[in-house]
Trainee: 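Just passing along the structure, written as structure tokens.
Note that the numbering runs from 1 along the sequence shown for the chain. Note that ligands are numbered from 1 as they come in the structure, with each ligand's atoms numbered from 1 the same way. Just so it is clear, the structure is predicted and the values come from calculations on it, not from any experiment.
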Amino acid sequence: MIGTARNGLEVSISGLGCKVPDRVVTNDELRQYVDTTDEWIRERTGIRERRMATQEEALSDISLPACRDALAQAGLEGKDIDLIIVATVTPDMMFPSTAAILADALGATDAAAYDLSAGCTGFMYALAQAYGMLAGGLSKRALVVGGDPLSKILDWEDRSTLVLFGDGAGAVVMEVGPEKGFIGFELGADGGGGASLWLPGSGSRHFDDPDGYVKMNGREVFKFATRVLVQSAQDLLESCGMTIDDVDLYIPHQANVRIIDHATRKLGVPSERVVINVDRYGNTSSGSIPLALADAASDGRLKPGQLVLMTGMGAGLTWGSALIRWTKEMAA
Ligand code: ACO
């Protein structure tokens, strides 16, 4: 699916917030659980440390402060929001949705609220859905959350996945007008590659002895990721009549610094325009892109007028890009 934001009302982001759990887990700490080294993890992934939720912390606990910050920045309260979408593969539970739990906690009594599952691409899918509802006039102010305490579904004895992921969440407020923030989207899915990254036994399909942990074919996901990050961004830029030289800030999904470097090189983005925080947070799945946006805001790189290109990819297999003009002055 590809499209430019030409036909509906103008939509932009007016608030941004993020939250990671307090607990820092270094590469060295993971050596207690699996046969690995700090050197291997840094060389193959660029990750130095990640945050991990406690046993008591669920997605809604991590997301709530991010939502409150995003609302405060937009100058809004929960009751002003009429749509909440939470992109995640680790909701508090299958139902009620984490979006409904957050709506209740925020006092968003008039909001439609639901969760969306598109792996690590979830935040990009959720932005596109919210954009569609706002541009079409169905919603006026939406809260879009991306977050995953992915540590909850990791096998702490599997070194091929344990070292890659971390926990975190981010949220944005999206509003109708007056400025044109969203410019276009490109979204896709290849279900044929689903078994490269999956959670057997997590739904209605029967599996013998499912252990409830993420399974991944790292090499296949690596090949897929390097291909779609480039292709999706190029297709979207072309359909919007822009080139990579127009992009001020490139925010790729934070899965692995080698994947990011490959995409950056192929696309021809100067390194100072690329946001990277996978070294501090690992792969936070649906939280990755909003966390990177918030990082760019806090270090002063995200400014009004800038063209921001975001591309995610993940389980499904799925991918998605969005091109936005940043319109909001961010508090330091
Ligand atoms: N520590 C030490 N050694 C390890 C570890 C580890 N944590 N994990 C694997 N190894 C070993 C392997 O067993 C293998 O050993 P062998 O040669 O004796 O068989 C060796 O290291 C090399 O393994 P490879 O899998 O070939 O290593 P590779 O260079 O491909 O890196 C990695 C593995 C980092 C997983 C890489 O394939 C990758 O990044 N893939 C993409 C993963 C990803 O991004 N997933 C999520 C994307 S979607 C989403 O975000 C949900």
Trainee: Around atom 45 (N) of ligand 1, find the nearest protein heavy atom and jot down its residue, atom name and distance.
Mentor: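 The closest one turns out to be Met216 SD, 3.2 Å.
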Trainee: Step by step, would you call Glu29 with Arg23 a salt bridge (Lys or Arg N to Asp or Glu O under 4.0 Å)?
Mentor: CA-CA 12 Å; Glu29 198 176 330; Arg23 183 177 168 219; 3.2 Å; yes
Trainee: Just checking, any donor-acceptor pair under 3.5 angstrom between side chains of Ser196 and Asn217?
Mentor: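 The criterion, which ignores hydrogens and geometry beyond distance, is not satisfied for Asn217 and Ser196.
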Trainee: Under a heavy-atom criterion of less than 4.0 Å, does Ile41 contact ligand 1?
Mentor: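 Ile41: no contact with ligand 1 (<4.0 Å).
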Trainee: Restricting to non-hydrogen atoms, name the atom on Ser139 and the atom on Leu83 that form the minimum distance, rounded to 0.1 Å.
Mentor: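 Reported closest heavy-atom pair: OG-CB, 3.7 Å.
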Trainee: Using the rule that Ile, Leu, Val, Met, Phe, Trp and Tyr join whenever any side-chain heavy atoms are under 4.5 Å apart, tell me whether Leu291 and Val257 fall into a single cluster.
Mentor: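 No: no chain of side-chain contacts under 4.5 Å links Leu291 to Val257.
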Trainee: If hydrogens are left out, which of Arg219, Lys223, Glu43 has an atom nearest to atom 25 (O) of ligand 1, that is, the closest non-hydrogen atom?
Mentor: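 Looking at heavy atoms only, Arg219 sits closest to atom 25 (O) of ligand 1.
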Trainee: Over all heavy atoms of both residues, which pair between Gly314 and Leu197 is shortest? Give the atoms and the distance, please.
Mentor: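 Taking Gly314 first and Leu197 second, the nearest heavy atoms are C-CD2, 4.2 Å.
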Trainee: Would you say the side chains of Ser12 and Glu179 form a donor-acceptor pair under 3.5 Å?
Mentor: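 No - no donor-acceptor pair under 3.5 Å links their side chains.
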Trainee: Which protein non-hydrogen atom lies closest to atom 8 (N) of ligand 1, naming both residue and atom, and how far is it?
Mentor: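 In this structure, atom 8 (N) of ligand 1 has Trp40 CH2, 3.3 Å as its nearest protein heavy atom.
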Trainee: Please identify which atoms of ligand 1 are closer than 4.0 Å to at least one heavy atom of Leu197.
Mentor: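 Those qualifying, in numeric order: 48 (S), 49 (C), 51 (C).
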Trainee: Taking side chain as C-beta onward, heavy atoms only, is His253 less than 4.5 Å from Asn283?
Mentor: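 With C-beta onward as the side chain, the pair touches.
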Trainee: If you look at every heavy atom in Ile84 and Ala108, which pair is closest and at what distance?
Mentor: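 Of all heavy-atom pairs spanning Ile84 and Ala108, the closest is CD1-CB, 3.9 Å.
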Trainee: With a 4.5 Å cut-off on side-chain heavy atoms, are Leu154 and Tyr33 touching?
Mentor: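 With C-beta onward as the side chain, the pair stays apart.
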Trainee: Parallel, tilted or perpendicular, judged at 30° and 60°: which one describes the rings of Trp198 and Phe207?
Mentor: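 The arrangement is perpendicular - the two ring planes meet at more than 60°.
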Trainee: What protein heavy atom sits nearest atom 41 (C) of ligand 1, and how far off is it?
Mentor: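 Closest protein heavy atom to atom 41 (C) of ligand 1: Gly218 O, 3.5 Å.
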Trainee: Specify the protein heavy atom at minimum distance from atom 31 (O) of ligand 1: its residue, its atom name, and the distance to 0.1 Å.
Mentor: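 Going by distance alone, atom 31 (O) of ligand 1 is nearest to Arg258 NH1, 3.8 Å.
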Trainee: Answer yes or no: is there a side-chain heavy-atom contact under 4.5 Å between Leu64 and Leu106?
Mentor: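 With C-beta onward as the side chain, the pair touches.
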Trainee: When you look for heavy atoms under 4.0 Å from ligand 1, do you find them on the side chain of Phe222, its backbone, both, or neither?
Mentor: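 Answer for Phe222: both.
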Trainee: Tell me which part of Ile259 gets within contact of ligand 1: side chain, backbone, both or neither, using heavy atoms under 4.0 Å.
Mentor: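 Side chain only.
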Trainee: Does atom 17 (O) of ligand 1 have a protein non-hydrogen atom under 4.0 Å from it?
Mentor: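 Given the 4.0 Å limit, the answer for atom 17 (O) of ligand 1 is no, no protein heavy atom qualifies.
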Trainee: Return the residue, atom name and 0.1 Å-rounded distance of the protein heavy atom closest to atom 50 (O) of ligand 1.
Mentor: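 Answer, as residue, atom name and distance: Cys120 SG, 2.4 Å.
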Trainee: Quick test: of every protein heavy atom, which one is nearest to atom 44 (O) of ligand 1, and how far off is it to 0.1 Å?
Mentor: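 For atom 44 (O) of ligand 1, the nearest protein heavy atom comes out as Ala255 CB, 3.4 Å.
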Trainee: So which bit of Thr36 gets within less than 4.0 Å of ligand 1, heavy atoms only: side chain, backbone, both or neither?
Mentor: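 Both backbone and side chain of Thr36 come within 4.0 Å of ligand 1.
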Trainee: Show me which atoms of ligand 1 lie under 4.0 Å from any heavy atom of Asn283.
Mentor: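 Checking each atom against Asn283, I get 46 (C), 47 (C), 49 (C), 50 (O).
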Trainee: Take Arg31 and Asp28 through the test salt bridge (Lys or Arg N to Asp or Glu O under 4.0 Å) and record every step on the way to the result.
Mentor: CA-CA 5 Å; Arg31 294 175 62 203; Asp28 273 334; 3.6 Å; yes
Trainee: Among all protein non-hydrogen atoms, which one is nearest to atom 35 (C) of ligand 1, and what is the separation to 0.1 Å?
Mentor: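 Its nearest protein heavy-atom neighbour is Leu164 CD1, 4.0 Å.
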Trainee: Polar-atom distance check: His253 versus ligand 1, any N or O pair below 3.5 Å?
Mentor: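 Right, the criterion is met.
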Trainee: Is a side-chain donor-acceptor pair under 3.5 Å present for Thr88 with Asp115?
Mentor: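 The answer is no; no qualifying pair exists.
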Trainee: Which residue owns the protein heavy atom closest to atom 47 (C) of ligand 1, what's the atom, and how far is it?
Mentor: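 For atom 47 (C) of ligand 1, the nearest protein heavy atom is Val221 CG1, 3.6 Å.
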Trainee: So, does Val34 sit close enough to ligand 1 that a heavy atom of it is under 4.0 Å from the ligand?
Mentor: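 Judged by the 4.0 Å heavy-atom criterion, Val34 does not count as contacting ligand 1.
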Trainee: Return yes when at least one protein heavy atom is under 4.0 Å from atom 5 (C) of ligand 1, and no when none is.
Mentor: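 Protein heavy atom within 4.0 Å of atom 5 (C) of ligand 1: present.
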Trainee: Identify which of Glu220, Arg159, Arg44 has a heavy atom lying nearest to atom 29 (O) of ligand 1.
Mentor: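 Considering heavy atoms of Glu220, Arg159, Arg44, the nearest to atom 29 (O) of ligand 1 sits in Arg44.
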Trainee: Should the pair Tyr131 and Phe182 be assigned to parallel (<30°), tilted (30 to 60°) or perpendicular (>60°) ring geometry?
Mentor: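 Taking Phe182 first and then Tyr131, their aromatic rings sit tilted (interplane angle of 30° to 60°).
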Trainee: Heavy-atom distance from atom 1 (N) of ligand 1 to the protein below 4.0 Å?
Mentor: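 Within 4.0 Å of atom 1 (N) of ligand 1, protein heavy atoms are found.
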Trainee: If the cut-off is 4.0 Å to any non-hydrogen atom of Val163, which atoms of ligand 1 fall inside it?
Mentor: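 Near Val163, meaning under 4.0 Å from one of its heavy atoms, ligand 1 has 7 (N).
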Trainee: State the atoms of ligand 1, each with its element, that fall below the 4.0 Å cut-off from a heavy-atom position in Thr45.
Mentor: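 In order of number, 34 (C).
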